[in-house]
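Everything below concerns the one structure shown next.
All values below were derived from every heavy atom in this structure, side-chain atoms included, with hydrogens, water molecules and symmetry-related copies excluded.
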Amino acid sequence: MAAVAQCVRAALRPRYPLLSFSLRTSPRLLCVATQQKNTGQNLEEDQSQSQNEQKVEASSAEKMLTEEKAKLEEQLKDVTDKYKRALADAENVRQRSQKLVEEAKLYGIQSFCKDLLEVADILEKATESVPKEEIKDENPHLKSLYEGLVMTEVQIQKVFKKHGLLRLNPVGAKFDPYEHEALFHAPMEGKEPGTIALVSKIGYKLHGRTLRPALVGVVKDA
């Protein structure tokens, strides 16, 4: 140790006289400095190794977080799709229910209307059965009865129209199986085949839906 101290003093004497003096007076300082240097190097190595380990751990944690993020995003996408489908199904159910309610309001009276149609048919037949030549001032009772029947028939048709019930009197129109029911087919001169030549019974439609088809005679080819 003494030899080492002498070598160091000899090397440092020209440039660092004070440090040389110190080393000469206290040889232990060299050992302390050497130990501190070694300790510093060890600390730097430990810190470097710790930083490397921290970087590896951070990289591993980042990778795990990235994978977890991808899984969560996939789950979110799946849940969002299911939610949208559920909303669409609920909206379809709501629309169907609303349509059924509206149809029930519109067509809930069709059974009642069918019964009233029989009354309208009777009124029509009653007015048609009265001889027109007999409706004179000389027959006031018959005239009043006929006028009352006509007024009643007009009024009931107004009520029908108010509730969406319209007459089907398709003379001269093309035969439509959704609105007409053919009683017979017969050739007729001057009539186009497939058209309606005779209406035996008036039909009715309720809000555009055929409630009772008109009973008709259809022209066919000769």
Quiz item: Backbone N or O of Cys113 within a donor-acceptor pair of the His163 side chain at under 3.5 Å?
Solution: no

Self-check item: Shortest non-hydrogen contact between Ala197 and Met188, atoms and distance
Solution: CB-SD, 3.2 Å

Exercise. Find out whether Glu147 and Lys143 are in side-chain contact, i.e. whether some heavy atom of one side chain is under 4.5 Å from a heavy atom of the other.
Key: yes

Quiz prompt | Lys158 vs Gln155, side-chain contact (heavy atoms from CB on, under 4.5 Å): CA-CA, chis, key distance, verdict | solution = CA-CA 5 Å; Lys158 287 182 179 180; Gln155 186 61 32; 4.1 Å; yes

Quiz item: Can you tell me how far OG of Ser97 sits from CG of Asn92, rounded to the nearest 0.5 angstrom?
Solution: 10.5 Å

Quiz item: Looking at NE2 of His207 and OH of Tyr107, how far apart are the two atoms once the value is rounded to the nearest 0.5 Å?
Solution: 7.0 Å

Practice problem: Please tell me if the side chains of Leu116 and Leu165 come closer than 4.5 Å, counting only heavy atoms from C-beta onward. | Solution: no

Quiz item: So which heavy atom on Thr127 is nearest to which on Lys132, and how close?
Solution: O-NZ, 3.7 Å

Exercise. Can you sort out the partners of Tyr146 under ring pair (Phe, Tyr, Trp, His ring centres under 6.0 Å), two or more places apart, ordered by chain and number?
Key: none

Quiz item: CD of Glu189: more than 12 outside heavy atoms within 6.0 angstrom?
Solution: no

Self-check item: Electrostatic pair Arg212-Asp121, nearest N-O below 4.0 angstrom
Solution: yes

Practice problem: Mind checking the OG1-CZ spacing from Thr80 to Arg85? Nearest 0.5 Å is all I need. | Solution: 10.5 Å

Would you give me the side-chain donor-acceptor pairs under 3.5 Å for residues 167-187, sequence neighbours excluded?
residue : atom : partner : partner atom : Å
Lys174  : NZ   : Glu192  : OE2          : 3.2
Asp176  : OD1  : Tyr178  : N            : 3.0
Glu179  : OE2  : Lys205  : NZ           : 2.9
His180  : ND1  : Asp176  : N            : 2.9
His180  : ND1  : Asp176  : O            : 3.4

Exercise. Drop me the distance from Asp81's CG to Leu76's CG, to the nearest 0.5 angstrom.
Key: 9.5 Å

Quiz item: Are the side chain of Ser144 and the backbone N or O of His141 linked by a donor-acceptor pair below 3.5 Å?
Solution: no

Exercise. Mind listing the closest non-hydrogen atom pair of Glu134 and Asn139 along with its distance?
Key: O-ND2, 3.0 Å

Quiz item: Val199 and Leu117: same hydrophobic cluster, using ILVMFWY side-chain contacts below 4.5 Å?
Solution: yes

Quiz item: Can you check whether Val216 reaches Ser200 side chain to side chain, under 4.5 Å on heavy atoms?
Solution: no

Exercise. Decide yes or no for Glu128 and Glu124: does some side-chain heavy atom of the first lie under 4.5 Å from some side-chain heavy atom of the second?
Key: yes

Quiz item: Can you find a side-chain donor-acceptor pair between Gln95 and Glu91 that sits under 3.5 Å?
Solution: yes

Quiz item: Is any NZ, NE, NH1 or NH2 atom of the basic residue among Asp78 and Lys82 found under 4.0 Å from an Asp or Glu carboxylate oxygen of the other?
Solution: yes

Exercise. Measure the spacing between CD of Glu68 and CD of Gln75 and express it to the nearest 0.5 Å.
Key: 7.5 Å

Quiz item: Any link between Leu123 and Val154 through a network of hydrophobic side chains (Ile, Leu, Val, Met, Phe, Trp, Tyr) touching at under 4.5 Å?
Solution: no

Self-check item: Shared hydrophobic cluster, Ile196 / Leu215 (ILVMFWY, side-chain heavy atoms < 4.5 Å)
Solution: no

Exercise. Using modelled atom types only, decide if a donor and an acceptor are shared between the side chain of Tyr204 and the backbone of Lys114 within a distance under 3.5 Å.
Key: no

Quiz item: So if you build clusters from Ile, Leu, Val, Met, Phe, Trp, Tyr with side-chain heavy-atom gaps below 4.5 Å, do Ile202 and Ile156 land together?
Solution: yes

Exercise. Could you check if a side-chain atom of Val130 sits within less than 4.5 angstrom of a side-chain atom of Ile135, using non-hydrogen atoms only?
Key: yes

